[in-house]
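Working notes, structure below.
The structure displayed is predicted, hence computed values, not measured ones.
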Amino acid sequence: MDKYILSLNPAQKEAVTTTEGPLLVLAGAGSGKTRVITARSAYLIYKGVPSASIVAVTFTNRAAREMRERITALLRKSRSNPPTVSTFHSLCLQILRKEMKHIGLRKNFTIYSASEQAALLKNLLLDISVYNKQFKPEVILERIGRLKNSFTSPEDMDSTEDDPLSIIVARAYPEYQKTLRTMNAVDFDDLLLLVIELFRKVPGILDEYRERFRYIMVDEYQDTNRVQYTLLKLLAGKRKNLCVVGDDDQSVYSWRGANLGNILDFEDDFKGTKVIRLEQNYRSMGNILEAANSLITKNSRRMEKSLWTSEGAGPTIKIMKALDGEGEAVFVVSKILHLINSKKLSCEDFAIIYRANVFSRLFEVELRRKKIPYTVIGGTSYFDRKEVKDLAAYMKIILNRYDDVNLLRIANLPRRGIGITSIGKLHDHAGNKNIPLIDAFSNASGMEGINEKTASKADALANMLKRYRSAFLKGKGMAKLLSGLIEEIGFHEHIRNFYKTDDVAVKRIDNVNAFVESLKYYEENEKSPSLQGFIETLALDDKPEKEQEKSGVTLVSLHSSKGLEFPVVFIVGVEEDMIPHSKSLDDEGGLEEERRLMYVGITRAMRELFLTYTACRIKYGTKTVSSPSQFIAEMPDEIIEHIETECADEEASAEEIDIKEEYEKVMAILNS
DNA sequence: TCTAGCGGTCGAACA
DNA sequence: GACCGCTAGA
Ligand SMILES: Nc1ncnc2c1ncn2[C@@H]1O[C@H](COP(=O)(O)OP(=O)(O)OP(=O)(O)O)[C@@H](O)[C@H]1O
């Protein structure tokens, strides 16, 4: 520990040893902000503060996991437990699970993912007959989310707006909240909002948590929203031992309500705040830093900060134009191979960073072709696969019998003779009688418009789910149970029917098996495993350590790359309409946020940075001409170098023919 | 009630 | 290109 403290610079040291009162660490990329939080946590414990009194909040579960590991390593000698390190959402979920009775949530409530939210909203719009194809559920959800995150309850909604979308939102929002509660479900926003509601309603509980979390630290503070801010303010209470670190230039989540005001006004909101600036960058070589600095100064709305490095200039920044998306992938991967061989770098030293997750595919194909291992962060994981989501839906309705959305999903999957019309009738019946859908299934016999055969099928389904419910809730041998369920519903046959070709079906079945495996893994590695716990893991994307193998080249979106670092970084698809994204430009301040995103990407690089773009790209199935991003021109000419690609890799042209073939093969694997 | 096939659409990022 | 919703026909 002492040694670690010594390795900090004076400004960092001051931040670490200022343990009481509000503290704002404001600093640019790579200046050691995260390290301050890690060191400060360890320092507090070292000074005798119980670990249980400390909470550090990070933005992603991945970041939380890494920080926990680092702190644990620092504490090795003292044999203390690590403090709570968690995201806002996980932290709030933990609180809600314990205190749910105070705010009317029932046991085993479900967290709805984006697609479940959309399914719920769509059903409900149809029910109250305001469904309008023009306004997609996602658009309405975004508006609802914005209302929720500005603490606008359905009651105090401004009803003076009369454009069609606002009218629909006004009708949908109250229903949406009501339906979530009847289904004993919450969305991501609710996790935080309900905790705030709880704290306001039951001050005793708030006091309890204030006593418990005496020291609060927040990483990536620039990306917190009003709700998160409110939560922090409540928790910090009079003690105000709140330490936040952030960089206004790295605020890239305005679409989730991130509010720069939180960081800009921190000093006003917390009187007596100590502000510490860190100015030395320990991550990047000079040229990289210069490119980042000169880009970001094009933004008008920012806090002045300086950032320097004691490192040399290092290599120039390489800009590369490829013919098309595939050419870009071929170039990047051959460059990686080349650097691995010539500079003794390992795969883990490389990252390929893109604006949109779809980009990962092209690179995955090429990496596989060259047999280079890689890890994709974010995007659609195999937990998002249809067959996995179907099984998860079974588990969710088993866990929470009010979860109509997931019951609807699996009611006739695999086909069991309960068709759309019957489901519609059952749904209406449940709605009229105010009972959960599953009860309508059990009482289907004799219901108008439902024939006996269907009724008995519905009843059988309800019974089966009930049977599994009592078995699963024991929390033991769940993987076996799931296998049994898969068998009983004939899921494998269903998949074989559904996907005509053997190849694809086999892959899908592999996914199913992998899902069973991950449940098994969870059971074996969790102190007190439960169905609920496993499902939460899925919802919060909080996978256990070992399952998250982090080896090989990293593929990651610009957003998720925040906080990471790599010796060599490729930012790909650096094109107009991509970065800046065409859809971002309508928003107020959209261009500046895109520039910050680019800034985040650039500053991930330690030694070498490549930016690539294409001459044309396939968009929505048609070839479109692309042009380099305006951000490229915003970097000083002296430090950039344009390099040629055509024939950069001699093999490439010779292998051209193979590529097509292998491409198809690999795509088939990836798609399954 | 289910399936195949067609046509329209396309707003990315995350817990 | 991929996904969704609709329609025709079994
Ligand atoms: N005092 C120091 N001496 C040497 N290296 C340091 C020091 N502080 C931090 N570093 C190193 O600098 C790099 C960046 O640190 P860190 O991730 O904490 O920065 P950050 O400000 O959180 O960056 P970002 O905002 O870009 O996420 C890390 O590799 C870290 O180990």
Side-chain angles (χ1 to χ4, degrees), chain A residues 57-64 86-93 111-115 117-119 122 126 131 133-139 141-142 145 149 186-192 220 223-225 227-228 251-258 325 353-362 377-381 384 386 412-424 451 453-454 457 497-498 500 536-542 556-562 573 577-587 590 593-594 596-597 600-601 617-624 667 671:
Chain A
V57 182
T58 61
F59 216 65
T60 62
N61 283 300
R62 169 179 288 266
S86 156
T87 62
F88 278 105
H89 292 87
S90 303
L91 186 68
C92 288
L93 176 61
I111 304 163
Y112 273 180
S113 68
S115 61
Q117 289 178 59
K122 200 179 155 191
L126 288 167
Y131 186 65
K133 259 190 274 175
Q134 237 186 306
F135 305 111
K136 304 206 299 176
E138 289 78 10
V139 175
L141 277 171
E142 198 199 298
N149 282 313
V186 300
D187 62 20
F188 282 112
D189 295 333
D190 284 337
L191 288 175
L192 313 208
E220 311 281 12
D223 276 322
T224 52
N225 61 27
V227 172
Q228 291 161 333
S251 171
V252 291
Y253 283 93
S254 68
W255 49 278
R256 247 177 66 180
I353 309 183
Y354 34 75
R355 176 65 228 260
N357 284 311
V358 277
F359 277 62
S360 75
R361 274 311 167 79
L362 286 167
I377 298 180
T380 43
S381 80
D384 297 321
K386 185 187 177 315
N412 199 31
L413 188 150
R415 310 251 110 98
R416 54 170 68 87
I418 312 175
I420 310 242
T421 33
S422 307
I423 293 176
N451 65 38
K453 215 163 140 196
T454 313
K457 296 257 169 63
N497 279 328
F498 200 83
K500 294 289 173 289
E536 272 164 17
T537 287
L538 301 185
L540 295 182
D541 195 23
D542 188 6
V556 64
S557 69
L558 283 162
H559 282 92
S560 309
S561 75
K562 194 150 55 78
D577 292 349
M578 229 30 246
I579 325 175
H581 197 281
S582 45
K583 292 294 162 193
S584 68
L585 300 177
D586 339 326
D587 301 348
E593 176 149 328
E594 294 293 302
R596 291 196 291 268
L597 202 49
V600 167
R617 194 179 277 288
I618 304 205
K619 261 185 206 160
Y620 303 138
T622 45
K623 216 174 192 182
T624 34
M667 274 320 271
N671 282 328

Sequence-distant partners of A/Ser582, side-chain hydrogen bond (donor to acceptor under 3.5 Å, both in side chains), two or more places apart: none
Sugar-phosphate only, base, or nothing, as touched by A/Lys122 at under 4.0 Å among non-hydrogen atoms: sugar-phosphate
Sugar-phosphate, base or nothing in reach of A/Phe59, heavy atoms under 4.0 Å: sugar-phosphate
A/Gln117 CD to A/Leu141 CG distance, which is reported to the nearest 0.5 Å: 5.5 Å
Nearest-Å distance for atom pair CZ/C1', residues A/Arg596 and B/dA13: 14 Å
d(CZ, A/Arg62; P, B/dC14) in whole Å: 12 Å
For atom CG of A/Leu597 and atom C1' of B/dC14, their distance in whole Å: 12 Å
Intermediate values then yes/no, side chain to side chain contact (heavy atoms under 4.5 Å, CB included), A/Leu597 and A/Arg355: CA-CA 9 Å; A/Leu597 202 49; A/Arg355 176 65 228 260; 3.5 Å; yes
Minimum heavy-atom distance between A/Glu536 and A/Ile111, given as atom pair plus value: CG-CD1, 4.2 Å
Separation of B/dT3 P from A/Asn412 CG (nearest whole Å): 9 Å
Sugar-phosphate only, base, or nothing, as touched by A/Ser560 at under 4.0 Å among non-hydrogen atoms: sugar-phosphate
Under 4.0 Å protein heavy-atom contacts per nucleotide of nucleotides 5-12 of chain B, with B for base, S for backbone only and - for none: -----BBB
Sole candidate of A/Asn225, A/Thr224, A/Leu191 that passes side-chain contact (heavy atoms from CB on, under 4.5 Å) when paired with A/Phe88: A/Thr224
Whole-Å distance separating the CZ atom of A/Phe88 from the C1' atom of B/dC14: 14 Å
Parallel, tilted or perpendicular, as decided by the 30° and 60° cut-offs, for the rings of A/Phe59 and A/Tyr253: tilted
Whole-angstrom distance between B/dA13 and C/dC4, as gauged at atom P: 16 Å
Under 3.5 Å donor-acceptor, A/Asn412 side chain and A/Gly417 backbone: yes
Touch class at under 4.0 angstrom, heavy-atom based, for A/Ser582 against every strand present: nothing
Gap between atoms NZ and C1', on A/Lys623 and C/dG1 respectively (whole Å): 15 Å
Touch class at under 4.0 angstrom, heavy-atom based, for A/Ser90 against every strand present: nothing
